[in-house]
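Some notes on the structure that comes next.
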Amino acid sequence: MALLDHLNPEQLAAVTLPPERHALVLAGAGSGKTRVLTLRMAWLLQQGYVGPAGILAVTFTNKAAREMLARMTALLPLTPRGMWIGTFHGLCNRMLRAHHRTANLPATFQILDMADQLSAIKRVLKAHQIDDEKYPAKQVQHFVNKAKEDGLRPHQVEAPDSFQRRLAEIAELYQAQCEREGVVDFAELLLRSYELLRDHTSVREHYQRRFRHILVDEFQDTNRLQYLWLCLLAGGGASVFAVGDDDQSIYAFRGARVGNMADFERDFHETARIRLEQNYRSHGHILDAANALIEHNQGRMGKNLWTDRGEGEPVRVYEAPTDSAEAQWVLGEIESLIQEGWSRREIAILYRSNAQSRVLEHALFRAGIPYKVYGGLRFFERQEVKHALAYLRLMENPHDDTAFLRVVNFPTRGIGARTLENLVDAARLAGSSLYAAVPHVPGKGGSNLAQFVALIERMRFETQSLPLPELVDHMLDHSGLRAHYEKEKDGSDRLENLNELIPAATVFVDEGPTPELDADGEVLNADALPALAAFLSHAALEAGDNQASEGDDAIQLMTIHASKGLEFQAVFLTGVEEGLFPHENSLLDEAGLEEERRLMYVAITRARERLYISFAQARMLHGQTRYSIRSRFLEELPEGSLKWLSPRTRSFDEGAALRAAAWADSDWSGAASRLGQARASQPTNPLAAQGIQVGEQHFKVGQNVQHDRFGEGVILALQGSGQQAQAQIRFAAAGTKTLALGVAKLVTLDI
DNA sequence: GTGTCCCTCCTCGGC
DNA sequence: GGAGGGACAC
């Protein structure tokens with residue numbers, strides 16, 4: 001069958017697994033994961049095991065969902081009509097829209113993004129006079145989301161102390177506010193959908209009967225709640241086909257639970273485990289480096305990537321004195337790659353944290369090399385666009401207080417803090433939304449408020465029968481947003497973004513799929529909603545592209561997280577330093593370190609032909625110079641696959657032996673966790689340039705020291721503080737070593 | 001009520 | 001270094 005041509009035996013086994021069986025496919029980086037997933041669906045359909053309406057395929061990103069859909073339609077001559085392919089959030093939204101009454105939600109419920117959620121929480125804290133220093137909004141937000149991601153309501157969360165109990169109370173208050181305002185946050189979409197299925201037998205059975213095949217992409221990134229949701233849907237005997245890679249699990253910080261993979265094999269009987277280990281992407285040295293690195297993690301499901309593409313070139317490693325020197329070096333290498341005829345868009349520069357991009361951008365900019373930075377603000381997250389959306393949300397649901405507060409005085413219309421305080425009081429007294437409480441506010445402020453309400457009402461009335469794009473246009477004029485940005489200097493970009501909303505609405509209307517009904521005539525897709533409500537869901541769930549457009553031949557800059565799932569001919573992995581990568585905040589426990597290592601694994605496996613790894617001795621961070629030593633991850637790469645481009649003061653073997661000695665000497669792993677504590681109690685990290693005081697001694701970069709075994713040396717770098725401080729020291733005879741200053745016996749020498 | 005200055009804080013980030 | 005929020009002056 002043409003569909004199955006060119007598959008390797010493992011891929012073939014996965015695609016053609018008997019339809020009644022569950023599968024856990026361990027798909028290594030570059031092993032053809034998406035291909036297997038889409039072919040499995042196509043094969044099931046083609047063999048007649050299931051119709052399109054019987055398939056549910058779930059991904060994490062809209063991009064992945066789109067790609068899957070595109071590949072499917074290219075494979076089979078059928079419209080994807082009736083198939084549920086989408087993100088967890090998108091599918092849950094769809095389900096909740098269809099059953100909003102059963103789920104106890106208003107038909108026009110709005111979705112809060114992370115920023116909306118944070119401001120909603122700040123309002124809760126204010127309304128209940130809660131000390132926001134003791135209970136910072138960010139921490140409450142984390143508590144709220146963590147609980148939901150675990151499938152729990154606040155009162156179900158274990159609260160060992162009064163602080164936790166109070167957090168849970170605040171979470172309840174926040175939830176009550178959301179209910180009152182008819183809004184749901186991202187995690188609530190999932191939890192509500194889960195509860196809908198759990199508590200309503202008829203709804204559950206309906207979907208269990210319908211979906212006979214459930215396919216899950218990036219299974220290692222699922223959280224507890226997503227897993228429970230899948231279990232409910234599959235509870236009627238559906239087959240689950242889960243594809244994932246435990247070595248690429250890099251989202252524990254947002255609730256992902258690799259343990260779901262093991263649970264899956266336990267909970268779903270007769271699960272076939274299939275490993276895809278042939279890598280079609282990277283050359284041998286690059287794969288060897290990745291394999292050797294990930295070997296250092298414990299408790300893996302086990303997997304070894306191999307390739308028949310040959311060993312290729314070694315991984316190039318470079319040590320720079322400073323971050324700007326590192327950027328200059330990257331620039332130089334890129335210029336010669338371009339001269340050799342490499343395409344710019346096939347070259348990526350990766351980094352651990354966004355703050356690192358600036359110095360790289362600066363170098364590229366000055367050299368006139370086109371580049372694109374991924375990440376950052378997306379279209380629907382821009383301030384002016386969010387203002388516009390807030391007006392639209394108010395027109396759709398006037399009781400949305402978050403939207404109300406965002407624009408009630410924007411553009412300014414004489415409604416100040418005092419007036420709003422009165423309004424908030426009135427609303428609390430009446431137990432109503434701010435919008436509904438406006439008539440209860442006396443005085444001049446009250447009349448200004450009344451004018452605002454009249455404005456919203458007028459906009460609603462006048463746009464009733466307008467098509468969506470014209471409605472948006474009307475709102476931009478009558479809200480005063482357009483006029484405001486027209487007269488603001490430097491407002492032209494913002495104005496442009498506002499106007500961009502009109503074509504966005506046009507595209508949205510044109511692309512809207514036709515409504516889908518189930519056997520009982522119930523509407524099954526959100527798009528049967530009024531166009532405006534659907535457009536607002538779309539804006540919340542798909543914040544827009546921040547990707548470089550295909551045609552642009554530009555160097556690609558992004559964080560390692562953002563690079564997952566992508567591949568490039570050449571990859572520069574920068575800032576590979578202790579404290580930065582692994583990030584110091586991840587060193588508190590072994591799990592954190594292992595996640596950083598998986599992140600490094602992801603970074604390495606992005607490269608097809610060339611991989612460059614670099615680090616700097618000194619770096620500007622938070623406006624201060626920081627000195628650090630190279631990452632332990634470098635020591636975990638096989639020497640035979642590396643080629644050092646900068647002079648090294650010692651051979652690898654020597655270094656490894658010394659490092660082992662340093663570990664034994666200094667109890668480094670313990671020091672790392674104490675370092676975290678020291679940092680918390682002592683927020684200003686002593687500037688290494690000014691030196692570090694350890695006991696009676698004062699150490700500075702550039703200072704000469706004497707060690708009784710290693711002899712005379714000079715301090716190259718310092719990090720940490722107090723007894724936990726470490727120094728990188730170059731010894732005249734013994735090479736460069738990293739020593740714990742609190743442990744190593746060092747004598748400082750004059751000059 | 002509005003505009004400006006200073007102080008604080010700081011991973012990673014999709015939906 | 002730079003964004004966002006609170007305190008304070010117009």
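Residue numbering restarts at 1 for every chain, and letters A, B, ... go by the order of the sequence lines.
Side-chain proximity of A:Arg358 to the nucleotides B:dG14, B:dT11, C:dG1 is greatest for C:dG1. Of the listed nucleotides (B:dC15, B:dG13, B:dT11), B:dC15 has the atom at the smallest distance from the side chain of A:Phe186. In the set B:dC12, B:dC15, B:dT11, the nucleotide with an atom closest to the side chain of A:His583 is B:dT11.
Residue A:Thr559 has no polar side-chain atom (N or O) positioned under 4.0 Å from OP1 or OP2 of B:dT11. One finds a side-chain N or O of A:Thr419 lying less than 4.0 angstrom from the OP1 or OP2 phosphate oxygen of B:dG1. Note on A:Lys564: every side-chain N or O is 4.0 Å or more away from OP1 and OP2 of B:dG13. Using a 4.0 Å cut-off, some side-chain N or O of A:Asn62 falls inside it from OP1 or OP2 of B:dC15. Regarding contacts with the backbone of B:dG13, a side-chain N or O of A:Asn354 is found under 4.0 angstrom from either OP1 or OP2. Taking only side-chain nitrogens and oxygens, A:Arg378 comes nearer than 4.0 Å to OP1 or OP2 of B:dC15.
Within the nucleic acid shown, A:Glu149 has no heavy atom closer than 4.0 Å to any nucleic acid atom. Among the heavy atoms of the strands lying under 4.0 Å from A:Phe253 is at least one base atom, whether or not backbone atoms are also near.
Mapping A:Met114 and A:Glu595 onto DNA chain B by nearest heavy atom places A:Glu595 closer to the 5' end of the strand.
If you measure from atom NZ of A:Lys138 to atom P of C:dG5, you get 9 Å, rounded to the nearest angstrom. Between the CG atom of A:Leu112 and the P atom of B:dG14 there is a distance of 18 Å, rounded to whole Å. Protein atom CG of A:Asn145 is 13 Å distant from nucleotide atom C1' of B:dG14, rounded to whole Å.
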### Nucleotide-level pairing of DNA chain B, given in dot-bracket where Watson-Crick and G-U pairs need both distances under 3.5 Å and | marks other strands
||||||||||.....
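Taking a 6.0 Å sphere around NZ of A:Lys146, one finds it holds 12 or fewer heavy atoms contributed by other residues, nucleotides or ligands.
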With a cut-off of 3.5 Å and sequence neighbours excluded, list every side-chain donor-acceptor pair involving residues 125-132 of chain A.
{"unit_1": "A:His128", "atom_1": "ND1", "unit_2": "A:Val124", "atom_2": "O", "d": "3.1"}
{"unit_1": "A:Asp131", "atom_1": "OD1", "unit_2": "A:Glu133", "atom_2": "N", "d": "2.9"}

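With centroids closer than 5.5 Å and planes inclined by less than 30 degrees as the test, A:Tyr251 and the base of B:dC12 fail to qualify as a stacked pair.
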### Message
Would A:Lys33 and A:Asp245 count as a salt bridge (charged side-chain N to carboxylate O under 4.0 Å, His left out) here? Give the steps.
### Response
CA-CA 10 Å; A:Lys33 176 194 69 154; A:Asp245 180 1; over 6 Å; no
### Evaluation steps, salt bridge (charged side-chain N to carboxylate O under 4.0 Å, His left out), between A:Arg192 and A:Glu179
CA-CA 12 Å; A:Arg192 262 311 162 93; A:Glu179 303 292 330; 2.4 Å; yes
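For the pairing with A:Asn93, the side-chain contact (heavy atoms from CB on, under 4.5 Å) check across A:Val184, A:Leu189, A:Leu190 returns one residue only, A:Leu189.
Annotated as anti: B:dT4, whose glycosidic dihedral deviates from 0 by more than 90°.
A:Thr605 contributes a side-chain N or O that, together with a main-chain N or O of A:Val602, makes up a donor-acceptor pair within less than 3.5 Å.
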